[in-house]
2 protein chains.
Amino acid sequence: MSTPANEPAARLKRRRRLPEEARREALASARRLLIEAGPKAVTLNAVGKQIGVTHATLIHHFGSAAGLQSALMGSMIADLTDALAETAVQLRSDAGAPRALTDSVFDAAGPGGAGRLAAWIALSGDLEHLEPIRAAVIHVVDAIQEKFSDAGEGARDRVAAAVLFMALCAFGDAIIGGPLRGMLGRDEDSAREIVAGLLPTFLA
Amino acid sequence: MSTPANEPAARLKRRRRLPEEARREALASARRLLIEAGPKAVTLNAVGKQIGVTHATLIHHFGSAAGLQSALMGSMIADLTDALAETAVQLRSDAGAPRALTDSVFDAAGPGGAGRLAAWIALSGDLEHLEPIRAAVIHVVDAIQEKFSDAGEGARDRVAAAVLFMALCAFGDAIIGGPLRGMLGRDEDSAREIVAGLLPTFLA
DNA sequence: ATCACTACCTACATGGATGTTAATAGCGAT
DNA sequence: ATCGCTATTAACATCCATGTAGGTAGTGAT
């Protein structure tokens with residue numbers, strides 16, 4: 001009675017963004033959803049709702065749902081490679097302490113959600129999206145080698161081994177580190193300490 | 001002309017399984033799909049098609065799609081804990097060589113798809129399903145400690161660290177090891193060699 | 001044989017995610 | 001102002017996964 005049968009659904013005023021801005025917001029929202037609620041929560045409706053836009057608008061900007069997902073992967077991979085590049089720069093300039101290096105790699109994989117994203121990509125089978133990482137990884141290997149390789153032959157091989165080792169631990173920790181550390185009664189940065197402690201083995 | 005308009009879709013003879021057998025087949029099929037095509041491929045229709053059954057039958061056996069997924073998780077987690085228990089037994093009986101121990105853990109995470117499954121679970125947020133692993137992990141810690149701890153105090157702590165380290169590498173390798181090793185020019189069991197080589201550090 | 005049980009099926013209903021189309025409305029340029 | 005451009009929207013159309021209802025057909029027991 002007091003409520004009219006067909007309330008016009010309270011449409012708020014339309015806000016017009018620049019295309020780049022709209023894409024930025026959408027990707028940020030999608031990333032949040034991916035990290036907090038998992039891959040299946042990254043949907044056109046969910047993303048659109050978060051930034052106050054209909055799903056049709058997202059299709060307009062990204063072409064399709066797959067286009068949005070692809071852009072999301074690209075964006076996060078870009079952040080990851082940036083982080084790795086930054087690590088390489090720091091290594092070349094000054095502090096190459098094992099713990100600092102370890103933290104760089106773990107921070108690249110963990111907090112930004114890159115580790116979870118990489119796992120999603122790997123599970124989905126879209127391995128092409130991981131390809132941009134290659135250059136960044138090699139870059140880091142170069143930087144470490146430049147810094148640490150006082151020892152001559154076989155140095156690059158040992159550095160590559162060290163990077164593989166660090167990366168596996170960092171990704172593993174990003175994905176199942178929480179539960180696993182819980183089971184073993186170990187605290188938050190236990191894995192970082194372990195890795196940092198083992199690093200010198202490779203570089204001496 | 002030669003083809004009638006409505007071919008009755010060639011329904012083949014109905015095969016009746018025991019419930020346990022039907023569940024077994026369905027779970028095996030679901031696991032195959034998960035490993036080969038990723039989580040989103042694990043659908044009632046896909047699983048049913050593989051074992052020659054309609055999706056309604058799967059709902060009959062598992063109650064719901066979520067029920068099937070839950071059963072799948074349970075099944076794979078059970079296999080994983082079995083593998084870990086087996087590792088513990090081997091450790092207690094005879095060979096405790098670092099490489100053998102490492103292989104056990106890597107084999108538990110990799111080939112059976114347990115690593116990918118755990119990643120899926122972690123990404124989906126269904127952490128309860130990981131809980132059964134706890135006892136198995138602790139079991140392995142006990143067995144290793146029994147075998148290796150000639151050194152007294154702090155031994156358990158170092159063993160726990162070693163297990164965490166091994167597990168992170170094994171899971172990381174199961175998920176993104178392939179691409180990552182490719183980028184670094186390292187061969188198939190490179191990660192295993194590295195881990196096995198580092199293990200003595202913890203146990204001496 | 002035939003009967004009870006239930007694994008299995010077909011047919012339909014529903015909801016959510018994705019896509020399409022045509023109209024609307026901000027915003028800069030003229 | 002008003003005009004062109006296009007970001008944005010509402011309304012519809014489709015597809016697919018899931019779920020429901022009632023009938024069908026193996027299988028073992030009597």
Side-chain angles (χ1 to χ4, degrees), chain A residues 5-30 32-34 37-73 120 123-124 126, chain B residues 5-30 32-34 37-73 120 123-124 126:
Chain A
N6 278 340
E7 198 73 37
R11 41 180 173 170
L12 9 154
K13 216 180 71 173
R14 190 185 286 197
R15 170 177 154 219
R16 190 188 177 97
R17 306 143 166 93
L18 292 175
E20 327 130 39
E21 180 58 17
R23 288 177 59 99
R24 256 183 33 80
E25 286 185 33
L27 290 178
S29 165
R32 206 177 319 130
L33 282 168
L34 172 65
K40 73 173 182 295
V42 181
T43 187
L44 293 179
N45 276 312
V47 172
K49 192 170 183 179
Q50 282 208 348
I51 66 173
V53 148
T54 64
H55 79 277
T57 299
L58 293 175
I59 292 184
H60 170 71
H61 284 301
F62 294 96
S64 67
L68 169 62
Q69 291 175 9
S70 191
L72 174 59
M73 291 179 183
W120 177 34
L123 290 180
S124 304
D126 304 330
Chain B
N6 277 340
E7 198 74 37
R11 41 180 171 170
L12 12 154
K13 217 179 72 173
R14 190 185 286 196
R15 171 177 152 219
R16 190 187 179 97
R17 306 142 166 94
L18 292 175
E20 328 129 37
E21 180 59 17
R23 288 176 59 100
R24 258 182 33 80
E25 286 185 32
L27 290 178
S29 165
R32 205 177 321 131
L33 282 168
L34 172 65
K40 73 173 182 296
V42 182
T43 182
L44 292 179
N45 276 312
V47 172
K49 192 171 184 178
Q50 282 208 349
I51 67 173
V53 147
T54 64
H55 79 277
T57 298
L58 292 175
I59 293 184
H60 169 72
H61 283 301
F62 294 95
S64 67
L68 170 62
Q69 291 175 10
S70 191
L72 174 59
M73 292 179 184
W120 177 35
L123 289 180
S124 303
D126 303 330

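Just so we're clear, the structure is a prediction, and the values are computed from it rather than from any experiment. Chain naming here is simple, since letters A, B, ... match the order of the sequence lines and numbering starts at 1 in each.
Rounded to the nearest 0.5 angstrom, A:Gln69 CD and A:Leu34 CG are separated by 9.5 Å.
OP1 or OP2 of D:dT18 lies within a sub-4.0 Å distance of a side-chain N or O belonging to B:Thr43. Close to D:dA10, at under 4.0 Å from its OP1 or OP2, lies no side-chain N or O of A:His55. Not one side-chain nitrogen or oxygen of A:Thr57 sits closer than 4.0 Å to the OP1 or OP2 atom of D:dA7.
Taking the nucleotide of DNA chain D with the nearest heavy atom to each of B:Arg15 and B:Ala65, the more 5' of the two is matched to B:Ala65.
Distance A:Arg16 CZ to D:dT6 C1': 5 Å, rounded to the nearest Å. Between the C1' atom of D:dG19 and the CZ atom of B:Phe62 lies a distance of 16 Å, rounded to the nearest Å. A straight line from CG of A:Leu18 to C1' of D:dT8 spans 14 Å, rounded to a whole angstrom. The distance between atom CD of A:Glu21 and atom P of C:dG26, rounded to the nearest whole Å, is 18 Å. Distance CG (A:Leu33) to C1' (C:dA17): 14 Å, rounded to an integer number of Å. Rounded to an integer number of Å, the gap from CD1 of B:Ile59 to P of C:dC12 is 17 Å. Rounded to a whole Å, the CZ atom of A:Arg17 is 7 Å from the P atom of D:dT9. Per the geometry, CZ belonging to A:Arg14 stands 6 Å off P belonging to C:dA25, to the nearest Å.
Residues A:Arg17 and A:Val53 meet the side-chain proximity criterion, which asks for heavy atoms closer than 4.5 Å. Between A:Val47 and A:Phe62 the shortest side-chain heavy-atom distance does not fall below 4.5 Å. Proximity of A:Leu44 to A:Thr54: side-chain heavy atoms (C-beta onward) are nowhere separated by under 4.5 Å.
Here A:Gly52 lies in heavy-atom contact (under 4.0 Å) with sugar-phosphate atoms only. Looking at heavy-atom distances under 4.0 Å, B:Thr54 makes contact with a base.
Of the candidates D:dT9, C:dT18, D:dT20, D:dT20 carries the atom nearest the B:Ala56 side chain, counting heavy atoms from C-beta on. Residue B:Val53 has its side chain nearest to C:dC9 when only C:dC9, D:dT8, C:dA17 are considered.
Using a 5.5 Å limit on the distance between ring centres and a 30° limit on the angle between planes, the aromatic ring of B:His60 does not count as stacked on the six-membered base ring of C:dC8.
Between B:Arg23 and B:Glu20 no salt bridge is recorded (no basic side-chain N to carboxylate O distance below 4.0 Å).
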